Engineer: 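Right, I'll just put the structure down here and ask away after.
Both counts, for ligands and for their atoms, begin at 1 and track the order of listing. Reckoned from all heavy atoms, side chains included, excluding hydrogens, waters and symmetry mates. What you see is a predicted model; the values in this text were computed from it and never measured.
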Amino acid sequence: MDLSKSDKELLETVKNIFSAYLQNNGHRRTPERYTILREIYLTDGHFDVESLYIRMKNNKYRVSRATIYNTIELLVKCNLVQRHQFGKNVAQFEKSYKYKQHDHLVCSTCGRVYEFCDPRLLAIQESVSGLFNFKVTKRSLAFYGDCQACSAKNEEA
Ligand SMILES: [Zn+2]
Ligand SMILES: [Zn+2]
């Protein structure tokens, strides 16, 4: 795969952050863990553990589900990956380093997750946190419903 200069720099930066985290917390720095990090950072959008496992298997990487679970947990702890729980679906994840602040639309029928950015939400966040003197560290907002494709199908039926 040909990577752009900025992709390479990003991979290098997140690898260094992860490396420092593993070392400072007494975790082993194994090649599998770096491979998983790389795979996550070369992917756009959201994924669950199973789909990441299958993709890596198809790409001929030998990593177990257990290693993926365990590595993602570490990546969440060092803020390189964000975990989302959309309704009762399995947990989904996405890379978070230098990734734009955004919120989600989740289709309750097909499960697809769409991202959107609206600066007005940041304005609300800032005014509410100021009002309560509350330091916001995480934001979890999702709208649920039917995506365009699913609404069209529902109308046909
Ligand atoms: Zn849908
Ligand atoms: Zn997202």
Side-chain angles (χ1 to χ4, degrees), residues 1 3-22 32-59 61 63 65-129 134-157:
M1 195 190 315
L3 294 175
S4 70
K5 189 163 172 274
S6 63
D7 278 345
K8 277 185 200 149
E9 281 168 5
L10 176 68
L11 284 173
E12 199 52 40
T13 309
V14 292
K15 191 178 168 181
N16 290 339
I17 294 172
F18 194 34
S19 227
Y21 174 82
L22 292 175
E32 291 80 20
R33 286 181 169 155
Y34 293 120
T35 306
I36 293 167
L37 173 68
R38 183 187 156 86
E39 195 62 29
I40 291 173
Y41 268 81
L42 292 177
T43 309
D44 284 320
H46 310 82
F47 59 90
D48 56 42
V49 170
E50 190 60 23
S51 64
L52 180 63
Y53 172 72
I54 291 168
R55 199 174 64 231
M56 292 189 73
K57 215 170 113 179
N58 291 341
N59 291 337
Y61 292 119
V63 286
R65 281 187 183 82
T67 306
I68 293 182
Y69 270 109
N70 156 296
T71 302
I72 288 181
E73 211 159 284
L74 296 170
L75 289 168
V76 169
K77 283 194 188 131
C78 63
N79 295 319
L80 290 174
V81 166
Q82 206 186 342
R83 182 184 193 278
H84 296 289
Q85 185 66 53
F86 296 124
K88 289 196 175 77
N89 300 333
V90 294
Q92 299 215 44
F93 301 89
E94 67 184 333
K95 58 189 171 191
S96 53
Y97 183 77
K98 290 243 166 110
Y99 196 57
K100 62 185 192 310
Q101 166 86 269
H102 63 275
D103 298 286
H104 299 99
L105 298 165
V106 183
C107 178
S108 308
T109 306
C110 68
R112 259 192 85 170
V113 178
Y114 300 83
E115 295 186 341
F116 70 93
C117 285
D118 189 325
R120 287 174 296 179
L121 287 165
L122 184 61
I124 293 172
Q125 179 183 315
E126 280 168 356
S127 90
V128 172
S129 59
F134 189 94
K135 187 169 168 272
V136 174
T137 50
K138 190 181 176 218
R139 174 160 124 199
S140 160
L141 171 70
F143 295 120
Y144 296 87
D146 287 311
C147 73
Q148 197 175 16
C150 291
S151 320
K153 261 184 234 153
N154 288 346
E155 270 158 34
E156 275 168 34

Engineer: Please verify the inter-ring angle class for F143 with F116; under 30° counts as parallel, over 60° as perpendicular, anything in between as tilted.
Structural biologist: parallel
Engineer: Pick one: which of V63, L74, L75 meets side chain to side chain contact (heavy atoms under 4.5 Å, CB included) with R33?
Structural biologist: L74
Engineer: Before you tell me yes or no, could you show the steps for E50 and R65 under salt bridge (charged side-chain N to carboxylate O under 4.0 Å, His left out), namely the whole-Å CA-CA distance, both residues' side-chain angles and the distance that decides it to 0.1 Å?
Structural biologist: CA-CA 8 Å; E50 190 60 23; R65 281 187 183 82; 2.8 Å; yes
Engineer: Which residues and atoms, protein N, O or S only, are under 2.8 Å from the Zn ion (ligand 2)?
Structural biologist: H46 NE2, E94 OE1, E94 OE2, H102 NE2, H104 NE2, E115 OE2
Engineer: With rounding to 10 degrees, what does the angle C107:SG / the Zn ion (ligand 1) / C150:SG come to?
Structural biologist: 110°
Engineer: For T43 and K95, which heavy atoms make the closest approach, and how far apart are they?
Structural biologist: O-NZ, 3.0 Å
Engineer: If the plane angle is over 60° it's perpendicular, under 30° parallel, otherwise tilted; pick one for F18 and Y21.
Structural biologist: parallel
Engineer: What's the SG-the Zn ion (ligand 1)-SG angle here (C110, C147), rounded to 10 degrees?
Structural biologist: 110°
Engineer: Quick test of your reading of the model: are K5 and E9 salt-bridged, counting only N-O distances below 4.0 Å?
Structural biologist: yes
Engineer: Please verify the inter-ring angle class for F86 with H84; under 30° counts as parallel, over 60° as perpendicular, anything in between as tilted.
Structural biologist: parallel
